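Notes follow once the structure below has been shown.
All of these numbers come straight from a predicted model, not from anything done at the bench.
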Amino acid sequence: MKKLFALLLTLALVLSFGVTALAAEPTTMTSAPTTYEALIKTYDLVGTDDTTLYPAETLTFTSTPAVGNPDTTNLTVNNLVVTGNKDQKLVINVPAYSKVGVYHYTITENAGNTQGVTYTNGAVELSVLVEYDYNDTDGDGYGLKATIGVTNSAGEGEEAVKHNTFTNTYSLGSLTVSKEVAGNLASQTQKFSIDVTFTSDKPVLSTITCGDGQTITSANWTLADSVYTAKVTVKLAHGDNVTFSNIPAGVTYTVVEQAKHEAADPNGSNPETGYTVTYADEKSAGTITADTVDTVKVVNTKGTTVNTGVVLDSLPYILLIAVAVVAVVLFTARKRRNREV
């Protein structure tokens with residue numbers, strides 16, 4: 001009996017140790033969630049050398065997991081608010097993984113709606129390696145660890161290219177409005193008021209500058225019937241011009257001289273009466289294109305002719321006729337005298 005009791009006691013101790021050991025072994029392991037900053041958002045600028053000029057827009061991105069991944073765990077990418085920096089890093093949120101293996105993801109940019117911007121249609125390939133970390137080499141206290149990296153997106157071996165940049169193109173143009181005044185009753189010192197109206201079917205999120213010191217910011221645009229509109233008034237005299245810079249490509253414009261202007265000049269030329277307004281080459285409207293300067297010239301004409309009683313252009317012919325008449329009279333008189341003799 002003593003031997004049997006000792007055997008049972010030994011067996012119970014062994015079993016109790018085995019249960020304790022199994023309880024200490026975790027049934028599931030995960031990796032620690034973290035963030036990753038390596039992808040870069042940048043802009044190519046067309047039509048300007050100002051490297052700080054960008055639309056103040058918010059960019060969004062989508063992550064798509066590969067079909068062959070160990071499970072459907074997905075990444076997320078934070079929205080990016082574009083600031084004055086040309087290059088900005090995207091923040092990728094790496095979740096906790098519960099299965100070891102290699103996960104592949106495709107990151108794409110969602111096309112926005114900002115005027116003048118062409119959004120990249122490319123993609124960045126990312127991979128995440130999830131492996132056991134029994135010795136807690138990364139010091140996070142989790143049983144798995146995840147390592148994220150940019151996948152080779154072109155070529156193989158030494159020729160492989162790691163693409164980690166999203167590049168948008170921001171295209172801008174300019175508009176120059178000038179004034180010409182002609183005619184003997186037209187004042188070339190009088191300033192004429194000209195309305196310049198811009199319209200856009202998309203939001204304009206950068207500042208348009210005007211050569212006379214005015215600006216059109218994103219807050220100056222009004223939206224009505226799906227069309228954004230902004231208007232400024234410039235005052236130009238003969239020979240003056242003003243240039244609107246950094247206008248996003250795709251914005252349309254219309255230039256119209258007002259019927260009412262500044263007060264009459266001291267010499268009495270009233271800009272509200274008597275002027276004929278035309279536009280050089282019959283152009284008073286158009287659409288801004290990338291890296292191009294559009295021009296509109298507003299021409300004012302006011303003049304008259306004075307009746308002096310003598311048309312100077314006919315005087316030579318009148319003199320010739322008079323000489324001819326005198327010659328005929330003299331010839332006739334001379335011939336008459338010869339007959340009388």
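Between S63 and I92, the closest side-chain pair of non-hydrogen atoms is not below 4.5 Å. For the pair K235/S193, a side-chain contact is recorded, criterion being any heavy-atom separation below 4.5 Å from C-beta on. Side-chain contact between L236 and V177 is present, with at least one heavy-atom pair separated by less than 4.5 Å. In this structure, the side chains of Y170 and S206 come closer than 4.5 Å at one or more pairs of heavy atoms. Residues Y36 and V150 form a side-chain contact, since some pair of their non-hydrogen atoms from C-beta on lies under 4.5 Å apart. For the pair L129/V102, a side-chain contact is recorded, criterion being any heavy-atom separation below 4.5 Å from C-beta on. Residues I194 and V255 have side chains in contact (heavy-atom distance under 4.5 Å, counting atoms from C-beta outward).
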Legend entry - T252 vs F198, side-chain contact (heavy atoms from CB on, under 4.5 Å): CA-CA, chis, key distance, verdict: CA-CA 6 Å; T252 59; F198 296 99; over 6 Å; no

Legend entry - Criterion side-chain contact (heavy atoms from CB on, under 4.5 Å) on V234 and C210, from CA distance to verdict: CA-CA 9 Å; V234 296; C210 180; 4.1 Å; yes

Legend entry - Audit row: I107, L126, side-chain contact (heavy atoms from CB on, under 4.5 Å) steps and yes/no: CA-CA 7 Å; I107 308 296; L126 296 180; 3.7 Å; yes

Inset, instruction - Evaluate ring pair (Phe, Tyr, Trp, His ring centres under 6.0 Å) for Y253 paired with F244, printing each intermediate quantity in order. - result: CA-CA 11 Å; Y253 62 86; F244 296 86; 9.2 Å; no

Inset, instruction - Might you work through the side-chain contact (heavy atoms from CB on, under 4.5 Å) test for E180 and H238, ending with a clear yes or no? - result: CA-CA 5 Å; E180 178 181 320; H238 174 74; 4.1 Å; yes

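Using a 4.5 Å cut-off between side-chain heavy atoms of Ile, Leu, Val, Met, Phe, Trp and Tyr, with links allowed through other members, V277 and V196 fall into the same hydrophobic cluster. The cluster map of Ile, Leu, Val, Met, Phe, Trp and Tyr, joined by side-chain heavy atoms under 4.5 Å apart, puts V232 and V204 in the same cluster. In the hydrophobic clustering of this structure, L75 does not group with V91; members are Ile, Leu, Val, Met, Phe, Trp, Tyr whose side-chain heavy atoms approach within less than 4.5 Å, directly or through other members. One hydrophobic cluster, built from ILVMFWY side chains closer than 4.5 Å, cannot hold both L172 and W221; they sit in different ones. The hydrophobic clustering, which links ILVMFWY residues whose side-chain heavy atoms are closer than 4.5 Å, places V130 and Y134 together.
Note that OG1 of T254 and CG of D195 are 10.5 Å apart. Values are rounded to the nearest 0.5 Å. For the atom pair CG of L45 and CG of N246, the computed distance is 9.5 Å after rounding to the nearest 0.5 Å. Remark: L80 CG to L90 CG distance equals 5.5 Å, nearest 0.5 Å. Residue K99 holds its NZ atom at 8.5 Å from OG1 of T72, rounded to the nearest 0.5 Å. Here the straight-line distance linking atom CD1 of I208 with atom CG of N220 works out to 9.5 Å at 0.5 Å rounding. Once rounded to the nearest 0.5 Å, the distance linking CG of L39 with CD of E109 reads 11.5 Å.
Checking side-chain atoms of Q188 against main-chain N and O of V181 turns up a donor-acceptor pair under 3.5 Å. Side chain of Y119 to main chain of T114: a donor-acceptor pair is present (N/O by atom type, distance under 3.5 Å, no hydrogens or angles). Formation of a donor-acceptor pair under 3.5 Å by the K302 side chain with backbone atoms of S187 is not found in this model. A side-chain donor-acceptor contact under 3.5 Å links N69 to the backbone of H104. Put simply, the side chain of T48 gets close to the backbone of D50: a donor and an acceptor are under 3.5 Å apart. A donor-acceptor distance shorter than 3.5 angstrom exists from the side chain of D212 to the backbone of Q214, with no hydrogens or angles considered.
K202 pairs by the side chain to side chain donor-acceptor pair (under 3.5 Å) definition with nothing, not counting sequence neighbours.
A side-chain hydrogen bond (donor to acceptor under 3.5 Å, both in side chains) with N93 is found for exactly one of T34, N78, T35, namely N78. Under the side chain to side chain contact (heavy atoms under 4.5 Å, CB included) rule, P65 has a single partner from V128, N74, T106, which is N74.
Between T243 and T176, the side chains place a donor N or O and an acceptor N or O closer than 3.5 Å (distance only, hydrogens not considered). The closest side-chain donor-acceptor pair between T62 and N110 falls under 3.5 angstrom. Looking at E257 and N300, their side chains do bring a donor and an acceptor atom within 3.5 Å of each other. Side-chain atoms of T167 and D44 include no donor-acceptor pair closer than 3.5 Å. Looking only at atom types and distance, the side chain of T60 has no donor-acceptor partner in the side chain of N79 under 3.5 Å away. Checked by atom type, the side-chain pair K41/N168 shows a donor-acceptor distance below 3.5 Å.
Ring geometry for Y54 against Y43 counts as tilted: the plane angle lies between 30° and 60°, on a 0 to 90° scale.
Sparse packing is recorded around CG of N121, with 12 or fewer heavy atoms of other residues, nucleotides or ligands lying under 6.0 Å away.
Under the 4.0 Å criterion applied to side-chain N and carboxylate O atoms, D294 and K283 are assigned as salt-bridge partners. The pair E37-K89 does not meet the salt-bridge criterion, since no charged nitrogen lies less than 4.0 angstrom from a carboxylate oxygen.
Considering all non-hydrogen atoms of both residues, Y132 and L144 come closest at CD2-CD2, 3.6 Å. Nearest heavy atom pair, residue V256 against residue Y279, reads CA-OH, 3.5 Å. What you find for G101 and P70 is that their closest heavy atoms are CA-CG, 4.0 Å.
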